[in-house]
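Just so you know, residue 1 is the first one in the sequence shown, and it goes up from there. Indexing begins at 1, ligand by ligand and atom by atom, following the structure's order. A quick note: this is a predicted structure, and the numbers were derived from the prediction, not measured.
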Amino acid sequence: MKKKVIIYDRIEEPVLSTLKEEFDVQIFKEQDAHKDPDFLPFLQETEGIIGLDFPGKSDVLDQAPNLKIISNVSVGYNNLDTKELTKRNIMGTNTPDVLTDTVADMAMGLMLSTARRMPELDQYVKQGRWKEAVTTELFGADVHHKTLGIIGMGRIGKAIAQRAHLGFNMDILYHSRTPKPDAEEQFNALHMNLENLLRSSDYVCLITPLTDETKGMIGKKEFQIMKPSAIFINVSRGSTVVEADLIEALKNEEIAAAGLDVYIQEPVDPDNELLKMDNVVTLPHIGSATLETEIKMAELAAENLRAGLNGEKPGNLVNPEVWKKE
Ligand code: NAP
Ligand code: GLV
């Protein structure tokens, strides 16, 4: 008998078809899953879950007594309570590396489009207001040769540093809990505490995971330390920033602009004040969303799922303790 697997929200073809052949699959869209009368009965018998942002916390896990693995199609895994998973002998996996360059490209794009006011100017051109667009008030800020502060110098942080330093001649400052000698050697990056980074950067790019430690790490105090000309880019998770403080900082001109891919609530509330500000560029959490990369992520997540369900150790376990335990 085929093992029961939930596909949560979405998974790209051709991986979807392969999974349908191998397993007894049910697809539940994130927004409807928990209201769907078929969801709970299927979850009770499910051995594997693959998809985006499945809420892997104790209340839901209580309903999944046969579950062996939750395979995230994302590198971030703040949706999973890893301690709780380990306690229940459930594996959690993610998809690192395959998306690194794609997310770094997007972070650079967001930085450039915010600095050079591209979405705003695009609207002027499309509305036939070309002459009005080319005025001093609508001039942008240079990116090249400026100072970029990267908070979270991991895989993606380093790929951003590479583009910014080697491509745009930017000086790189970074903050992470441990120094990264490879980034220092390759991109001349300087390791420093958060306060010094915020004080000295023209651009601040946040790309840490969301953890208890990073939740709300950028708020009122941090925005007040930044330069009034600073441009803030968030590619990590919405909750690493106190969104109300970001709105205040923009209104009070404590910083110049923001480029955002992530929000505390996703999809973002259409009434969110950030959406009404011309100096805020907003994207719908699409850091890794190119077809090529989404397929690679789906393939890697499917490999992790298969390994877990076949009793093998998946390549990208986020709770390796579970394996040692067995
Ligand atoms: P990674 O390689 O694990 O890098 C994360 C870095 O953050 C690490 O080098 C870590 O360095 C640093 N860090 C962790 N806690 C910190 C703290 N309290 N203060 C300062 N730095 C801290 O992960 P990655 O592959 O680069 O991905 C990073 C995150 O980006 C993901 O977890 C996800 O949330 C987000 N992401 C978003 C998108 C999108 O679509 N917008 C796409 C992909 C990823 P230390 O351990 O030395 O502190
Ligand atoms: C996307 O946000 C990811 O974490 O992969």
What are the two closest non-hydrogen atoms of [X] and [Y], and how far apart are they?
X	Y	value
T95	V73	OG1-C, 3.8 Å
N279	A256	ND2-O, 2.9 Å
L121	R116	CD1-O, 3.5 Å
W323	G311	CH2-O, 3.4 Å
I264	V241	CD1-O, 3.8 Å
I160	A107	CD1-CB, 3.6 Å

[atom]: nearest protein contact (heavy atom, Å):
atom	answer
atom 44 (C) of ligand 1	V75 CG1, 3.3 Å
atom 18 (N) of ligand 1	E213 OE2, 3.1 Å
atom 33 (C) of ligand 1	R237 NH1, 3.6 Å
atom 42 (C) of ligand 1	V103 CG2, 3.5 Å
atom 26 (O) of ligand 1	I156 N, 2.9 Å
atom 3 (O) of ligand 1	R155 NH2, 3.5 Å
atom 2 (O) of ligand 2	H285 NE2, 2.6 Å
atom 38 (C) of ligand 1	V235 O, 3.7 Å
atom 35 (C) of ligand 1	S236 O, 3.6 Å

Per-atom contacts of ligand 1 with D261, taking only distances under 4.0 Å to non-hydrogen atoms:
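That gives atoms 39 (C), 40 (O), 41 (N) of ligand 1.
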Provide the number and element of each atom of ligand 1 under 4.0 Å from a heavy atom of H285.
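Those qualifying, in numeric order: 39 (C), 40 (O), 41 (N).
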Below the 3.5 angstrom mark, is there an N/O of [X], backbone or side chain, next to an N/O of ligand 2?
X	result
G76	yes
S288	no
S74	no

Check the side chains of T86 and N319 for a donor-acceptor pair under 3.5 angstrom, ignoring hydrogens and angles.
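Side-chain D/A pair, N319 to T86: present.
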Going by distance alone, is a donor N or O of one side chain under 3.5 Å from an acceptor N or O of the other, for E294 and T290?
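No, because no side-chain N or O of E294 sits under 3.5 Å from a partner of the opposite role on T290.
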For atom 7 (O) of ligand 1, which of the options P209, G287, S176, G154 provides the nearest non-hydrogen atom?
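The residue whose heavy atom sits nearest atom 7 (O) of ligand 1 is P209.
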Using a 3.5 Å cut-off on N or O atoms only, is [X] in polar contact with ligand 1?
X	value
N78	no
R177	yes
T100	no

Tell me the contacting part of [X] for ligand 1: side chain, backbone, both, or neither, using a 4.0 Å heavy-atom threshold, strictly below.
X	answer
T178	both
T208	both
I207	both
K180	side chain

May I ask you to list the atoms of ligand 2 that are less than 4.0 angstrom from any heavy atom of L99?
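Those of ligand 2 that fall under 4.0 Å from L99 are 5 (O).
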At a 4.0 Å threshold, what atoms of ligand 2 neighbour a non-hydrogen atom of V75?
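Near V75, the atoms of ligand 2 are 3 (C), 4 (O), 5 (O).
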Contacts of type side-chain contact (heavy atoms from CB on, under 4.5 Å), residue R199, not counting sequence neighbours:
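If we apply the side-chain contact (heavy atoms from CB on, under 4.5 Å) test to R199, skipping adjacent residues, the hits are E195, N196, I225.
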With heavy-atom distances below 4.5 Å as the criterion, would you say the side chains of E184 and L190 are in contact?
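No, their side chains stay 4.5 Å or more apart.
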Option from L300, N94, I50 for which side-chain contact (heavy atoms from CB on, under 4.5 Å) with S71 holds:
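Between S71 and the candidates, side-chain contact (heavy atoms from CB on, under 4.5 Å) is satisfied uniquely by I50.
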Are I295 and V103 joined in one hydrophobic group, where the rule is that I, L, V, M, F, W and Y side chains link up if heavy atoms are under 4.5 Å apart?
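Shared cluster, no.
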